[in-house]
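Here the structure comes first, spelled out in C-alpha cells, and everything after it is commentary.
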Amino acid sequence: MTPFISGIPLLDTYLAEGFDSVRGMSSRFSATICGHILRRQTEMGIRGAVAEIGTFEGRFFIAMGHALAPGEHAYGFDIFSWPDDHVLDRFVANAARCGLPSDRFTPRPFDTGKLSVDEFAGLTGRGPLRFIHIDGEHSPEALTHDLALAHDRLHPQGLICLDDMLHPGYPFLVVTVHAYLVAHPEMCVMCVIDREDIVAAPKFLICRRDVVRLYENDLMQSFAAQHFVLGGDAMGHHCVVLTPHPRIADV
Ligand SMILES: C[S@@+](CC[C@H](N)C(=O)[O-])C[C@H]1O[C@@H](n2cnc3c(N)ncnc32)[C@H](O)[C@@H]1O
C-alpha cells in the first residue's frame, strides 16, 4: 500500500514529529494531502506564494511553509489577539522550533475583513497565490470577504482551501460557499477532505473547473486507501472525497 505521506521529507518529518506540538485546529490528515498537492504543483511548474488567513499558532501554516519551492514565500494573516496578545510570539517561536526559516515567511497582523483586494495583493507580494488556506473568522460576512480576497489573487491553476466546512459549530457556513460558487460558475469544489475530529473538521478544495483534471486523478490514485469511491455531489460536479476510513454504512 502507498504510504500516507506528502512526499516532501521536511514536511513529513514535521507532520510526524512537530505537528501535534503546535496548538491548532487543522488535521494532520488534511495537512498531509495539502502538502502532497503543493509538491505536485511544484512538479507541474505551478509557481507562486502561499497564504493563510487565520494562522493561529502556525500548525497548518508551518506545513505549507515546508512545501515551498526555492524562492517562494508564505504569508500568514491573523489578528493574533485571540485568546491573548502572545499568539504572534508563539507563532514565530513554533516556526523556528519546527525548522521553518524566518526568511521564508511573513506574519501579517491584520483583520482581513478590513483589507481591500488591493491591500491584500500588496501584503502578499502582488504575484499570484498558488495555494490559499482560509481559516479566519467563520461568519458569512467574513468568509464572503476572505473568498473575494483569495479569488482575486488566485493563480489560474491554484487552489483555495476552506477549513471548517460542515463543522457542527458552523452548520450554515457552506451557504456562503454555495453563494460564491453560484457567483463564480467557473469555480468548483474539486475535493472534500473529511474530518478527523470535531476540532479538525473537513476542508473543501476549490479551483477553476478547467484545472480539475490537474488534481483529481492524482488524488484518487495517490490516496487510494483514503478514497471514498462514491465521491461527492458538489453542485453538479462529482468531486473527490478523501476520508481517514472510507466506508459506507452497514445495512
Ligand atoms: C480556527 S483558528 C485557525 C487555526 C489554524 N489555521 C490551524 O491550523 O491551527 C482561526 C484563527 O482566525 C483568526 N481570525 C479570526 N478573525 C480574523 C480576522 N478577521 N482576520 C484575520 N484573522 C482572524 C483567529 O485569531 C484565529 O487565530
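Counting convention: from 1, in listed order, for ligands and their atoms alike.
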- Nearest to atom 4 (C) of ligand 1 by heavy atom, D135, D111, I53, L115: which? D135
- Query: Do Y215 and L159 have side-chain heavy atoms sitting under 4.5 Å apart?
  - Reply: yes
- Would you say ligand 1 has an N or O under 3.5 Å from any N or O of D78? yes
- Could you tell me which atoms of ligand 1, counted from 1 in the order shown, lie closer than 4.0 angstrom to a heavy atom of F60? 8 (O)
- Hey, does V177 have a side-chain heavy atom less than 4.5 Å from the side chain of L173? no
- Donor-acceptor contact below 3.5 Å, side chain D152 vs main chain A148: no
- Query: Which atoms of ligand 1 have any heavy atom of R59 under 4.0 Å away?
  - Reply: 8 (O), 9 (O)
- Got more than 12 heavy atoms from elsewhere within 6.0 Å of CZ, R247? no
- For I248, look at atom CD1 and say whether over 12 heavy atoms of other residues, nucleotides or ligands are found less than 6.0 Å away. no
- Message: Taking D164 first and then R195, would you say they form a salt bridge - that is, a charged N and a carboxylate O separated by under 4.0 Å?
- Response: no
- Task: Find all atoms of ligand 1 within a distance of less than 4.0 Å from any non-hydrogen atom belonging to F56, and give their numbers and elements.
- Result: 3 (C), 4 (C), 5 (C), 27 (O)
- Note on the structure: So for V87 against ligand 1, with non-hydrogen atoms under 4.0 Å, the contacting part is neither
- For S27 and K203, does a side-chain donor sit closer than 3.5 Å to a side-chain acceptor? no
- Item | F77, F91, F110: member with heavy atom nearest to atom 21 (C) of ligand 1 | F110
- Item | Side chain proximity check, Q226 to F29, heavy atoms < 4.5 angstrom | yes
- Just need the protein heavy atom nearest to atom 9 (O) of ligand 1, so name the residue and atom and give the distance. M25 N, 2.8 Å
- Got an N/O contact under 3.5 Å between S26 and ligand 1? yes
- Query: Which ligand 1 atoms, with their elements, are less than 4.0 angstrom from a heavy-atom of E52?
  - Reply: 6 (N)
- Option with minimal heavy-atom separation from atom 16 (N) of ligand 1, where the choices are E137, H138, H145: E137
- Message: With a 6.0 Å cut-off (strictly less than), is the heavy-atom count around NE2 of H178, excluding the residue itself, greater than 12?
- Response: no
- Message: Show the atoms of ligand 1 that are less than 4.0 angstrom away from any heavy atom in G24.
- Response: 9 (O)
- Query: Tell me: protein heavy atom nearest atom 20 (N) of ligand 1, and distance?
  - Reply: T112 N, 3.1 Å
